[in-house]
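Remarks on the structure that follows.
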Amino acid sequence: MGDAVQKEFFGKTSKDEDIYKFTLSNKNKVSVSILNFGCIVYEINLPDKDGNVVDVNLGYDNVKDYEGNNNYFGALCGRVANRISGAKFTLDGKTFEVSKNDPFGGHWVHGGFVGFSRRVWNYEIKNNSLVLSYTDPDGSEGMPGEVVTHVTYTLDDDNVLTMDYKATTTKPTIIDMGSHFMVNLAGHGKGAIRDHVIKIGSDRYLEMMSTDHLPTGKTISVEEDKVMDFRQPRCVDGDTLEKLTGGRAFCHAFLFDKRGEKKFMARAEHPESKRYIEVYSTNTTVFAYSNHFMDVIVGDKPCKEGVAYPKYAAIEFMPMGYANSINQENFPQSVVRPGEEYHETAWYKFGVTD
């Protein structure tokens with residue numbers, strides 16, 4: 001197993017709450033740092049083929065910037081990681097209006113995924129794991145039920161970062177969490193990811209509306225839409241990203257069967273450094289996102305180490321449920337009821353290609 005978790009003061013919120021950085025590390029010079037603000041993945045330090053270690057995770061340097069983190073760098077999105085159309089839903093005959101989130105200045109109106117990313121979480125170090133917990137009150141942001149959530153982070157000597165999510169509720173509600181961290185395997189400030197090689201182990205993805213990026217309810221086969229077929233590794237050099245269906249580069253939910261079982265979802269590799277990340281999960285989709293909207297949401301704002309991130313500065317693979325499933329009857333649902341437990345696990349394997 002990895003070394004003991006290290007705790008370090010990181011800063012204070014605007015409400016004078018103490019925020020800490022917790023660093024998990026192993027014998028291979030791999031380390032991951034997580035904040036108890038929003039469960040934010042702050043750093044991912046990885047060696048390359050020559051042993052040179054760099055931080056590959058995009059983000060900010062301070063709590064203030066994370067409080068206004070409209071790109072959700074590294075944050076845990078929830079209660080619902082996917083979008084809720086119109087910021088409302090009906091469950092068991094009752095309609096709930098939830099808080100709206102829209103980083104695009106009113107063009108889209110969705111709900112669900114701000115809450116957990118802006119909260120200060122309780123922390124506990126258990127052996128070589130970090131456990132962050134939060135109790136979200138009934139009615140929080142319009143959501144029904146008091147939801148108690150625990151997220152356990154572990155880094156082992158096989159360079160696998162495990163995120164284990166558990167939650168219970170006092171009323172029927174919807175829960176679907178996911179970690180919104182994004183990486184550039186050359187280093188977080190090394191420009192666009194056009195030199196990365198991508199593999200996604202799915203033969204289907206959700207068709208999205210062009211106006212508000214919500215699912216139409218239809219699934220598309222990559223056999224029919226060859227440009228979206230990443231079952232074999234493909235480099236995203238040249239104008240590959242611009243040619244992906246939808247005109248937003250990677251901004252797609254790829255679909256998987258066998259919910260509850262661990263399965264390979266996606267991989268990214270940087271051929272020059274030979275660093276790679278592989279993603280496995282028990283969930284039903286992986287949302288692939290290559291930051292098409294970086295220039296809209298973040299612009300030229302200095303980020304970590306003063307870097308201004310360009311468009312396509314990173315790739316994200318976020319395991320989660322079907323987007324807007326509560327408003328699509330034909331989708332697998334993310335409804336959790338009293339007496340049930342929401343439990344999903346994601347595994348991120350880091351390494352260097354031989």
Side-chain angles (χ1 to χ4, degrees), residues 1-10 19-37 39-59 61 73-74 76 121 123-133 150-166 179-190 193 196-197 199 233 262-282 304-305 314-319 344-354:
M1 295 294 293
D3 298 331
V5 180
Q6 302 298 315
K7 174 187 171 185
E8 180 183 349
F9 181 72
F10 185 76
I19 303 302
Y20 294 95
K21 179 179 76 172
F22 300 88
T23 301
L24 297 82
S25 57
N26 68 15
K27 66 181 182 180
N28 305 316
K29 299 196 294 186
V30 173
S31 66
V32 179
S33 295
I34 297 157
L35 307 181
N36 66 315
F37 180 79
C39 294
I40 286 169
V41 178
Y42 174 66
E43 287 180 331
I44 301 175
N45 292 297
L46 303 178
D48 66 4
K49 64 184 187 302
D50 299 315
N52 301 309
V53 177
V54 300
D55 179 11
V56 302
N57 181 65
L58 274 65
D61 286 319
F73 286 123
L76 176 64
W121 290 59
Y123 59 86
E124 182 180 5
I125 297 172
K126 289 186 174 181
N127 299 321
N128 292 318
S129 295
L130 169 68
V131 182
L132 297 180
S133 59
H150 296 84
V151 186
T152 302
Y153 301 85
T154 306
L155 177 67
D156 64 24
D157 283 333
D158 291 324
N159 301 335
V160 176
L161 173 67
T162 302
M163 297 186 189
D164 190 65
Y165 306 92
K166 293 181 179 180
S179 182
H180 204 276
F181 76 86
M182 49 197 73
V183 299
N184 183 323
L185 295 171
H188 78 89
K190 294 296 185 179
I193 57 160
H196 282 45
V197 175
K199 180 179 180 180
K262 181 179 181 178
K263 52 201 166 282
F264 169 79
M265 287 188 160
R267 174 186 169 104
E269 180 183 338
H270 181 241
E272 182 178 345
S273 69
K274 297 196 177 297
R275 296 185 186 96
Y276 71 82
I277 177 175
E278 292 179 345
V279 181
Y280 301 78
S281 173
T282 57
K304 190 186 291 184
E305 297 179 329
I315 185 71
E316 168 189 300
F317 295 123
M318 181 166 68
E344 300 286 354
T345 308
W347 297 265
Y348 305 90
K349 180 173 177 57
F350 305 106
V352 176
T353 304
D354 294 335

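Numbering starts at 1 and runs along the sequence shown.
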Query raised in the report: Judged by modelled atom types alone, do T154 and S129 share a side-chain donor-acceptor pair under 3.5 Å?
Result: yes

Query raised in the report: Y276 and E278: side-chain donor and acceptor closer than 3.5 Å?
Result: no

To the nearest 0.5 Å, tell me how far [X] [atom1] sits from [Y] [atom2].
{"X": "I19", "Y": "I40", "atom1": "CD1", "atom2": "CD1", "value": "8.5 Å"}
{"X": "S281", "Y": "K263", "atom1": "OG", "atom2": "NZ", "value": "5.5 Å"}
{"X": "K29", "Y": "N52", "atom1": "NZ", "atom2": "CG", "value": "7.0 Å"}
{"X": "E43", "Y": "I34", "atom1": "CD", "atom2": "CD1", "value": "11.0 Å"}
{"X": "L130", "Y": "N36", "atom1": "CG", "atom2": "CG", "value": "8.5 Å"}
{"X": "L58", "Y": "H188", "atom1": "CG", "atom2": "NE2", "value": "7.5 Å"}

State which residues pass salt bridge (Lys or Arg N to Asp or Glu O under 4.0 Å) with [X]; sequence neighbours excluded, sorted by chain then number.
{"X": "K21", "value": "E8"}
{"X": "D55", "value": "K304"}
{"X": "E316", "value": "none"}

Report task. Just do the side-chain contact (heavy atoms from CB on, under 4.5 Å) check on V54 and R275 with the steps written out, would you? Result -> CA-CA 11 Å; V54 300; R275 296 185 186 96; 3.2 Å; yes

Taking all non-hydrogen atoms of both residues into account, name the closest pair between [X] and [Y] and its distance.
{"X": "P233", "Y": "V197", "result": "CB-CG1, 3.6 Å"}
{"X": "Y123", "Y": "F22", "result": "CG-CZ, 3.4 Å"}
{"X": "T23", "Y": "S33", "result": "OG1-OG, 2.8 Å"}
{"X": "S133", "Y": "W121", "result": "C-CE3, 3.4 Å"}

Query raised in the report: Can you name the residues that form a side-chain hydrogen bond (donor to acceptor under 3.5 Å, both in side chains) with K49, not counting sequence neighbours?
Result: none

Report summary line: With sequence neighbours left out, the residues meeting side-chain hydrogen bond (donor to acceptor under 3.5 Å, both in side chains) with N184 are none

Sequence neighbours left out, cut at 3.5 Å: what donor-acceptor pairs do the side chains of residues 346-354 make with other protein atoms?
{"residue": "K349", "atom": "NZ", "partner": "D158", "partner atom": "O", "Å": "2.8"}
{"residue": "T353", "atom": "OG1", "partner": "R267", "partner atom": "NH2", "Å": "3.3"}
{"residue": "T353", "atom": "OG1", "partner": "E269", "partner atom": "OE2", "Å": "3.3"}

Mind checking whether [X] and [Y] have side chains closer than 4.5 Å, heavy atoms only?
{"X": "K7", "Y": "V5", "value": "no"}
{"X": "I44", "Y": "F181", "value": "yes"}
{"X": "N28", "Y": "P47", "value": "no"}
{"X": "L155", "Y": "V160", "value": "no"}
{"X": "M265", "Y": "P319", "value": "yes"}

Query raised in the report: When you look at NZ of K190, are more than 12 heavy atoms from neighbouring residues, nucleotides or ligands closer to it than 6.0 Å?
Result: no

Query raised in the report: For atom CD of E124, is the number of surrounding heavy atoms from other residues, nucleotides or ligands below 6.0 Å larger than 12?
Result: yes

Is it true that a side-chain atom of [X] and a backbone atom of [Y] form a donor plus acceptor pair closer than 3.5 Å?
{"X": "D157", "Y": "N26", "value": "no"}
{"X": "N57", "Y": "V41", "value": "yes"}
{"X": "D156", "Y": "N159", "value": "yes"}
{"X": "T282", "Y": "T345", "value": "yes"}

Query raised in the report: Mind checking whether Y42 and F10 have ring centres under 6.0 Å apart?
Result: yes

Report task. Give the intermediate values and the outcome of side-chain contact (heavy atoms from CB on, under 4.5 Å) for residues V183 and I315. Result -> CA-CA 5 Å; V183 299; I315 185 71; 4.1 Å; yes

